[in-house]
Amino acid sequence: MTESPEPSRKRPRVGRRSRHSESSTSASTQPMMTRSQALTLKRTGENSGADTSDYTCIDTDIESPGKRKAKCTVLLHTEKEGRNEGGPVGVLSDSGSSGDHEGVDDLVDADSSQDDIILTSKYIGELAGDQEIVAKLGLVFSDPCTLARSFPQANPRLAASCPVDVEDVRRAYAYMKENTPEKVMQDLRLLTISAVAMMSLDPCDEHDNQMNAVLIILLNPCITEYAHDDNTYLLPELCSVILNQPSEQRSLLMRYFAAAEGSAQDRPRMSNPGSNSNNNTDNDNMSFTQYINIFQSFVTRETNRAARNAVPQSSPTSESTSKKVCLHSLSGCSLSLVAQCLALMNSYNNTHSVVPHYAFYNDAVNEHIDTKEEVPRFRMPKGVSFCSYPFLLSPTTKSEIIRIESMIHMRTELQDSFFRAMFSGVTCPYLVLEVRRDSLVRDTLYQLDLKMSQDLRKQLKVRFVGEEGVDEGGVQKEFFQLIVRDVFSSKYGIFKANSESQYHWFLSQTSPTKDMLEEIWLTGQLIGLAVYNGVILDIHLPPVMYKKLLGMSAATEDLREIDPELYHGLTQLLRMSDDELSFLDRTFEIEYDDLGHLRTHELIPDGASTVLTAENRELFIDKYVDFILNKSCAKQFAEFKGGFDRICGLSYVRYMQPQELELLVCGCSDLDFGALENSTVYDGGYSRSTKVIEYFWQVVGEFGDELKRKLLFFATSSDRVPIGGLSKLQFVIAKNGGDSDRLPTSHTCFNVLLLPEYSSLDKLRERLLTAIHNSEGFGMI
């Protein structure tokens, strides 16, 4: 006897608009097959009227081409008649459908009402029992395409940037983590592993769905902890899935990462999108940073784990020991896969400026990286090194890499000089410059012009004619400070400082002379030599200069530092009405000063007769900025960059950000003498508790910034602060006899201040001020 079918209860469709089925018959028990042939989630059993569901686990071997076998466990769900509610139990089933899975094949319609949507997280929370939750998870994770469509974004505005309801995904994971037993979380881990295995073996033809599934899996807060039975982590395998996607799909995933987060039911519709643009930007930053942190947390954990197992290394500048690691010995290529995903995000960020560049720095890597081992490996054709991922490295670490690079080159040139001397006579192993203080630029230009490129890679030695100082680092620091002061002065007519911003920029010249171009070439070489020899310069170049040195394009915003008044005037044009623009009576012809002569320039062909209007004002601004930053100084900048690249063109400098290069050239601006006091080393019988040392720091604490810079110049031959702050200076105060009337002296090459043991505070103040106000020149002491 056949029983009459139980009437189907009306039930909204989860994750999409609810629909009413014409049929109310019971569900078919026909097996549901996934798209992947490697893994089958099979629904078995017959209606028996029981109220419980049984689960069976099966194991299947999945072997990726060229990879290890992965043991994946799949849950088989047997459903009883008593749970019949119109189709296979799953978050995407239609009410009243007979086992069809139409729900996984289409997303939310663009005109769906938010009231018609039941969020997947809410639906999971309303399920009765852990077994039901596992059953629904089994269906959701049974296929990447099914997973991709399980959390559709119903808000059309948000769906335009990311079709996944990210907030709904987070709530679903949070609910299961807080309200279900460990067994459910273990089942979720196994299902996630199987889903990633399917994506690795049989990529979905619908690539957008593949990226949706990847996004949902990445949002799992436990994803960095998931591992196979052989303790290999899942995240690198997921990263491999991302990296094997076509470039268009990788870019699509980056856009998903950068999209502002929100849920269809908890984010209000915006009546005026333009009024909340700043809030959207903040949401974008928060979203992108959260995805960065997913990958960074894995890198941090593995780096710290390797450091704990590393052999401690002693530091020549510190009594403490540190544990250093190299990428090639750290989880093999697994960590490299995660770093490559971070590289994708960094590349996207470089183009779209979603977050600051320093959001990618990894503190663990910067603390434990073994730069002495990493740099040589980076120089190998197929070397594996943290240096291959410069976005992870702080300016301090990058400056250390550049220092080690320079040392390797200098040592190589030193060895080559000795070999050449054996066969071709005596050759100098150093780059020696003998200059007169009253003719620095002329003498330097003449001598550098005679040097070959290989000579410029030797260690620099400077000697001032008529002085006894031997250059162990201090003489060259003063040389650089003096010569850049000359070449940037107005008497040479190369650069002009803006009175408001104090930044120097090239003078606009239609036809610069040959002598001027040679001096500009020299200036570029000097900055390159300073970087190569680890000398910080007191120069004030605008940020756009460093952008252009690194091959980046200038933008309208870059004009602000070069000419704030002109920048303000151009931005005012964007706010003017048609009548105001007409009153200005401007054309696309501009005037500029050329060494005292007023000249004109047409921004576009026939610019003198092209009137500025509201329709073309953006073109006018773009062309004006392009003229100031590029065309008016094209010859000068080409010479400047040529000189710089002659020294640094092939160094690690090319992997830096403009802000980092500026720090490398100019140092920090933070005069934190508290950090200097804490890191200072004492010698010759002095200690921090010695009375004269207490006097010294008391007097220095009374100094203003100007006197503090003079003290730095007196003790180190540079008033600039190194990258990382004054704690990186390795400053030493040594005893220089008992109480006397002698002035303090210094070994600037080694940052050593020689301080007599003065008997009183007033005497120390008077002697120290006299010394730092008369600190130019070198002699033998």
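We count residues from 1, following the sequence as given.
For the residue pair Tyr546/Gln657, the side-chain donor-acceptor check at 3.5 Å is not satisfied. Checking Ser388 against Ser385 by side-chain atom types alone, no donor-acceptor pair falls below 3.5 Å. Asp606 and Ser609 share a side-chain donor-acceptor pair at under 3.5 Å. Under 3.5 Å, the side chains of Arg575 and Gln572 contain a donor-acceptor pair of N or O atoms.
With sequence neighbours excluded, the residues forming a ring pair (Phe, Tyr, Trp, His ring centres under 6.0 Å) with His352 are Tyr348, listed by chain and number. In this structure Lys547 satisfies the side-chain hydrogen bond (donor to acceptor under 3.5 Å, both in side chains) test together with Asp558, sequence neighbours excluded. Every side-chain hydrogen bond (donor to acceptor under 3.5 Å, both in side chains) that Asn616 has, sequence neighbours left out, goes to Thr613. Every side-chain hydrogen bond (donor to acceptor under 3.5 Å, both in side chains) that Tyr592 has, sequence neighbours left out, goes to Thr510. By the side-chain hydrogen bond (donor to acceptor under 3.5 Å, both in side chains) test, Thr523 is found to be paired with no residue, residues two or more places apart in sequence or in another chain being considered. Partners of Asp594 by salt bridge (charged side-chain N to carboxylate O under 4.0 Å, His left out), not counting sequence neighbours, listed by chain and number: Arg599.
Note on Glu400 versus Arg403: salt bridge recorded, some NZ/NE/NH1/NH2 to OD/OE distance being below 4.0 Å. The existence of a salt bridge linking Lys623 and Asp626 is excluded, since no basic side-chain nitrogen approaches an acidic carboxylate oxygen closer than 4.0 Å.
Counting non-hydrogen atoms of other residues, nucleotides and ligands closer than 6.0 Å to NZ of Lys548 gives a total above 12.
Each of Asn366, Asn362, Asp363 was evaluated against Ser394; a single residue qualifies, Asn366, per the side chain to side chain donor-acceptor pair (under 3.5 Å) test.
Not one N or O on the side chain of Asn533 forms a donor-acceptor pair closer than 3.5 Å with the backbone of Val535.
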Given side chain to side chain donor-acceptor pair (under 3.5 Å), test Arg646 with Gln525 step by step and report yes or no.
-> CA-CA 7 Å; Arg646 189 184 182 196; Gln525 284 191 98; 2.7 Å; yes

